[in-house]
Amino acid sequence: DTGVSQDPRHKITKRGQNVTFRCDPISEHNRLYWYRQTLGQGPEFLTYFQNEAQLEKSRLLSDRFSAERPKGSFSTLEIQRTEQGDSAMYLCASSHPQGGYEKLFFGSGTQLSVL
Amino acid sequence: GESVGLHLPTLSVQEGDNSIINCAYSNSASDYFIWYKQESGKGPQFIIDIRSNMDKRQGQRVTVLLNKTVKHLSLQIAATQPGDSAVYFCAENTGTASKLTFGTGTRLQVTL
């Protein structure tokens, strides 16, 4: 499978615990995005990387959230001291811009439930 | 902030009929639009895109129409099939990076 893969698919945690998600993008894609999606809503942009550089972060991304892409390939998203409001689907997407336009290819997401 | 929205939250169509899903966008600077299909428990799947210098683009069984005058986007699905049942999102991009802005989504239900 050469699509975007995310791990784990589901994560249940207790409030206050830390969680980490992993995303493996399509191998030739140099841009990687993290989005968050709550039930019935469209995905919301969180942050993106070009190669290993994190170029932009949304105001939605509080200090408890951190994302890395150390070698410009896979990425991790960590949430510290989780809160119930963090419960959502966390989606990763990758792209390779061509001609100034990009198609984002999404993974299946990690569904986080904070109890 | 400016956002993308949809006229109808749920659309029910009979198998074999054509479906039309509408989307209104508010940012006149948007220059690229994408339709995504999302099935339950899965991530959004790219369907078709269109650039602002076009008003129509066709794919396999799908057509996207863009009316920049009224800032309206539509997705037409020909001969709708049960496998088309999903939530459909339109998304717009105004920047150099693809920070897409998504709408709430329209659920398409295909009845037999």
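Both backbone and side-chain heavy atoms feed into the values below; hydrogens, waters and symmetry mates do not. Sequence lines set the chain letters: A, B, ... in the order given, protein chains first and strands last, and positions in each chain run from 1.
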ask   = How about A:R15: does its CZ atom have over 12 heavy atoms from other parts shown lying under 6.0 Å from it?
value = no
ask   = Is the number of heavy atoms from other residues, nucleotides or ligands under 6.0 Å of B:N53 CG greater than 12?
value = yes
Any B:Y36 side-chain heavy atom under 4.5 Å of A:F106 side chain = yes
key: Toward chain B: residues of residues 107-115 of chain A with heavy atoms under 4.5 Å   = A:G107, A:S108
ask   = With ring centroids as reference points, do B:F102 and A:F45 lie under 6.0 angstrom apart?
value = no
query = With side chains defined as the heavy atoms from C-beta onward, is the minimum distance between B:Y32 and A:K103 less than 4.5 Å?
reply = yes
request  = Please list, chain by chain and in numerical order, all residues satisfying side chain to side chain donor-acceptor pair (under 3.5 Å) with A:Q37, sequence neighbours excluded.
outcome  = B:Q38
inquiry  = Taking B:L65 as the starting point, is it possible to reach B:I34 by hopping between hydrophobic residues whose side chains are less than 4.5 Å apart?
reply    = no
Atom pair CG (A:L104) and CG (B:D49), whose distance is rounded to the nearest 0.5 Å = 11.5 Å
ask   = Which heavy atom of A:L91 sits nearest a heavy atom of B:G43, and at what distance?
value = CD2-CA, 3.9 Å
query = Who are the salt bridge (charged side-chain N to carboxylate O under 4.0 Å, His left out) partners of B:K42, not counting sequence neighbours?
reply = B:E39
query = Is it true that a side-chain atom of B:R107 and a backbone atom of A:G40 form a donor plus acceptor pair closer than 3.5 Å?
reply = no
A:L60, CG atom: more than 12 neighbouring heavy atoms under 6.0 Å = yes
message = Could you check whether atom CD of A:E68 has more than 12 heavy atoms from other residues, nucleotides or ligands sitting under 6.0 Å from it?
response = no
key: Exceeds 12 heavy-atom contacts within 6.0 angstrom, atom CD of B:Q60   = no
request  = Keeping the roles fixed (side chain from A:Y33, backbone from B:L100), state whether a donor-acceptor pair exists under 3.5 Å.
outcome  = no
All side chain to side chain donor-acceptor pair (under 3.5 Å) counterparts of B:T63, not counting sequence neighbours = none
